[in-house]
Every structure is written in structure tokens, then in C-alpha cells.
Amino acid sequence: MITSIFKDSPVRRVILIAPPDVEASLFSFATCKRGRYTNYEPYGLGMLAGRLRDIGIEIRILNLASSVLRAARLAERESDFDYDAVWRGDLADAVSDFQPDLVGVTCMFSQTHPMLVRVCADVAALAPALPIAVGGVHVTNALATPATRAALLADLPMVSLFFRHECDEAFPTFVRVVNGELPDDSLAQVLLRHGEEEADFSQRQRPGVETLDAPPAHDLMRPDELSRWGKVGAYFYMLPPETRFATVQSNRGCRAQCTFCSVRNFNGMGVRRRSPTSVADELEWLRDDFGVRHVMWLDDDFLYDKRATLALFDEMVRRNLGMTWDCTNGVIAASCDDEVVAAAAASGCICLSLGMESGNREILKRIKKPGTVENFLAAAEAIRKFPQIYSRVFLIIGFPGETFSQIADTVTVARQMGLDWYQIQLLQPLPNTPLFDSMVEDKLIKPEDFSGVRYAGGTFGKNAGKSAGGRDMLARDFDGVFSSHRLDEVPSPADMEDIWAYMVVHLNYLRLEAEDRPIKLEQYLGNLEYVSDVVAPGDALALHFRQHLLAKLDRPASPEIAARLRNLLTTQPYWQERFAQFGWPMEIAS
């Protein structure tokens, strides 16, 4: 079948493509101009590129997600910007100029599925005989069950090669088989399709530590460019605007078995750590050749293996890298003891996220979360000792069968933790996870609806006053959300929106009224500047507390913020009512 696909032609040049994240209809020019969209290096493609170069293959990485951000940021007005024309033009130019023998397209998230299809269709139209390969987390998950597999194959009739799991070894092996350097029985993790014929090679080639120690091809991903067109990570506002960011991965996999997560399905069981030397070498390369001064760790279980974690932090300190770092992905709370957090702070940590999800013991057991309420409280106590570290906690609400009472437990534990910001997420099940499968079985979701998988949360700037059934989303007494329900009831979707709003207000905003520590006031001010300028310019709460924090820092109120807040208070009765209800003086907006 390989002969039929490649016509006995060797593979010498490969283009690896990261599609735009979403379709044009979901892209906001105004949001992009505010700098809200993220712009990460396609790190997995960079790893593949490095391994392919090792076997003599000429590589180009085409980051179409960055292409559209760059074009939008450079456009003077929206009428000068055509989302589809940008990525299609860059794709056509690359195929024409580079003349590849093989194109590989990655897809991490299910919400990117429509753009995966469109990019592959364009490649096929540009070069009908050119073999196309797809891979990534979304492709792996979609191939795992009959319904999603059928939907994926039907949507991608132009694709001949479907790769599963990490392909650091499997993809170069495939290329060597095509080039006659290895026998066909070396193939792994790939489904071949030619016409009506299929051949599936399901054996795994899991990359080991030696492979992971080799850094990705940062020179092909240009980390010095990415921060100009979008944001890297969740904490860029805590550093000077000119700071260059990049991403680094120090290990693969996760020790946990959370039912809502697909990491183990993709990476396999266990965690493989790179050597501290290889990680520090990569950091030095990023600093010296690309001017990077801050990195975001991509690890799903960053603090796995205390001894190895401390060795990495010690090596970073020994080399005096002069870089800061954050862990935007949630770390496991049980790993956050005093010694580890102290070493993290010494090595440059400025921001840390904890994966908590729920504060109810039954829900934690049901979702197989590797943490207990005691773990969360102990981790929070350790982190609070280092106020220079800005801390964020991930919470998920809306698990199947979760009751008002169980969500209230999450709020109680979060309050006891006393960390800096709580990111509250309405549950969005990911394909090929135990939770997704159980929800399909219970007919709560459809397995083939890739485009329906999105991360939900919302902002008050978009949804002010839109609570369902006339309920007040911002009641000062959090217990009011339960007043018209039995605690053992499961909230409706409309109730979940209200609960989300209550939690945002009470866990994040109202606690700022009692904050007096200068270092924390500065951190919170930076966060609210980002929220009110980039994420939700129409969120009067963020604007109000931004002025409030300026006053606490003995700085003059901002006339520009005052004007924006005054406009909201004079044009939107909803916000007038809320300010009166909360007892906030209208003068602060004057």
C-alpha cells in the first residue's frame, strides 16, 4: 500500500503544518487586536522536525495559527484582513516553493477539527498526488472508538496516513520505510488508507528518555516572533511587554488517571523525565539564540518525582539562567510541599497553577483525581509562604450527577485554600476519555460531534444580566444560589451558568476588598488589567476593582478606566443595580 500511496518516490522534503485554531466565523478581529489570542510554538511538530532532520530530511514548519494572528495584528482595519485568504495563501506559497514529498498536519483539540479538514482539502487541491498525514491528540482520540473513527475518516477522504499517539519515533520510522531503509514490519501507530483499502499498524513506538532529551527545532518555530502576534501562557501580564516567551517540556505523561483527561491515552502510562542537563541546555539555547527570558512548561505532571524535580531546579539555579517560568498546566497538589515550592521559587517560578477540580470527596473519587481535600489545603499552605508566586486553581463544575451540595463543598475548600485566582470551568468532556464514553452511553452527548467540544466559561462583559429565569447572577450571599433548590438536586444548565457567576464573584473579586499585601496587590492589578483590557472590556467588576487596587496602592485613579466604568454604569441598568446592591460608591467611576 505504501507503494501505491507514494508511487515509489522517496521522501526528502516534509512540511509539517499547524492549522488555524478555529474557523473564520469564530475568529474575532477585535479580540486579536487586543492581543487576547494565544500563539504557542507547535512544540510537537518541533520535536518531529528535529528527529526528521536527524535522518537527513529537509523540513519546513508552517504555523498557520500564527499566520492569521500576524496578519490581523498588522492590519490597520478589519476590512483589510481576510482570515481564510491569509492561511490559504501561506499554505499555497509553502507547497509551491518547498515542493514537499509529504505533508503532515497536526490537530490537538477537537474544536480545531473543522480547520484540520479545510487545510487537508486545500493541500489536496494544490497537489492532488501529494500524500497527506494527520496526527495529534484529537486524531488519536477520534480513532479510538468506532463512531468517532468513522466520522474522522469520512471527513478526511483526502488523507492517506493517520498517526496515533506520540510519533517522535513512529513518524521518522515511517519515512525510513518509505525510503527503503527499514522493512514494512517496522511500521507502528499508523493507519494507511488507499481507496477502499486499509492497513492498520497498531504496535507502539513509545519515545524513550534519549529521544526526549533531544530538543525540538526551535529555529524552525521562531519563538522570538510568536510573542509579537499573540500570547504565550496565562501570565504574560506579570512581565514587561517586551519579554520574549517560549514553551519547554521537561517530561511526558502523567501519573494520574483522571476520567476527564486524555493525557494517558495519548502518552501512555507513567511519566518519562528528561535529564536536567538536557532541559537546562534547551533553556540556554532559547535565551542565547532567541532572546527568550520566560518559559511556560508544557508538562502535564511537572512536579513528578520529587528528587528529579529538585535536581532540575538546582541545575537552573547553578547555571544562573536569569529566566523566569510558569506552569500554566495544573500541577498535582500532593507534590507541592515546602521544599519543592521553595526550590521552584528560587529557580524563577512566578506563577503556579493547581489542578483541584472539585472539593467534594465523592466527586474526587468518581473522577479518579489524585488528590484529597487535605492535599489541596496543604499545597495551598506551602504556596502561600512564597507571595512572589502568583497562584491559580482549576475548578470544574457540572460533572454528571454533581449536586448543589457537592459544588458548595468545592467553594468551601477553595475559600479555605486562600490562593490568588480560581479558574472556574463548565465541564466539557473530551473524546476518548472515560468520562466522555460514559456520557455517550448515557446519551448526554453525541460521540461524533467534534465541533461541539469547546471550553466554556464566559465573562461578565459578554453576559451581564443574562441569567436564566430571572435569577441574580451576582447576589452577594453565595448561599442564595441554593435557596430555591434542594441541596441534593442536580443543577440544570441554566443553574450552572448562575453558579459559575457566583463562584467567580465570591472566590475572585470580593476577596480583593480585604487584600493589603503590596506584592499581591501588584499581581492582582496586573491580572485585572489583562481582564479589563483584553479578555472582557465590558466587565464592570474588573474595572471597579482595578480602580480599587490603584487606591490601595496609593496611586491615582485612571481617568480612562473611570470613563469606561462610568459609561457602563450609565448605559447598563444591570450594572447600576449591582453596584447599588454591593454597596460600592458610584463616585469611584467619576
Distance only, no hydrogens: is a donor on one side chain within 3.5 Å (strictly under) of an acceptor on the other, for Asp90 and Ser67?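 A donor-acceptor contact under 3.5 Å links the two side chains.
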One thing to verify: whether [Y] and [X] come together as a salt bridge, which I'm taking to mean a side-chain N less than 4.0 angstrom from a carboxylate O.
X	Y	value
Asp326	Arg392	no
Arg274	Glu315	no
Arg307	Asp305	no

Under the side chain to side chain contact (heavy atoms under 4.5 Å, CB included) test, residues paired with Leu126 that sit two or more places apart: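 So Leu126 forms a side chain to side chain contact (heavy atoms under 4.5 Å, CB included) with Leu91, Ala92, Val95.
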What pairs with Phe236 under side chain to side chain contact (heavy atoms under 4.5 Å, CB included), at least two apart in sequence or on another chain?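 Partners of Phe236 by the side chain to side chain contact (heavy atoms under 4.5 Å, CB included) criterion, ordered by chain and then number, come out as Lys231, Phe245, Tyr530.
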Holding to side chain to side chain donor-acceptor pair (under 3.5 Å), I want the full list of residues that pass it with Asp82, two or more places apart in sequence or in another chain.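 Side chain to side chain donor-acceptor pair (under 3.5 Å) check on Asp82 returns nothing, list empty.
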Going through the distances and angles, do Arg255 and Asp301 end up as a salt bridge (charged side-chain N to carboxylate O under 4.0 Å, His left out)? CA-CA 7 Å; Arg255 79 192 88 166; Asp301 192 356; 2.8 Å; yes
Can you establish whether the number of heavy atoms outside Arg88 located under 6.0 Å from its atom CZ is more than 12?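 Result for CZ/Arg88: open.
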Around atom CE of Met108, are there more than 12 heavy atoms of other residues, nucleotides or ligands at under 6.0 Å?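 Counting other residues, nucleotides and ligands, CE of Met108 stays at 12 neighbours or fewer.
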For Arg319 and Asp281, what are the C-alpha separation, side-chain angles and deciding distance, and is it a salt bridge (charged side-chain N to carboxylate O under 4.0 Å, His left out)? CA-CA 10 Å; Arg319 296 201 192 191; Asp281 287 345; 2.7 Å; yes
Take Thr140 and His165 through the test side-chain hydrogen bond (donor to acceptor under 3.5 Å, both in side chains) and record every step on the way to the result. CA-CA 6 Å; Thr140 300; His165 311 295; 4.8 Å; no
Evaluate the criterion ring-ring contact (aromatic ring centres under 6.0 Å, His included) for residue pair Phe174 and Phe163; output intermediate values, then yes/no. CA-CA 10 Å; Phe174 176 83; Phe163 284 87; 5.5 Å; yes
Would a 4.5 Å heavy-atom cut-off, applied to side chains only, mark Leu310 and Glu339 as touching?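 Leu310 reaches Glu339 side chain to side chain.
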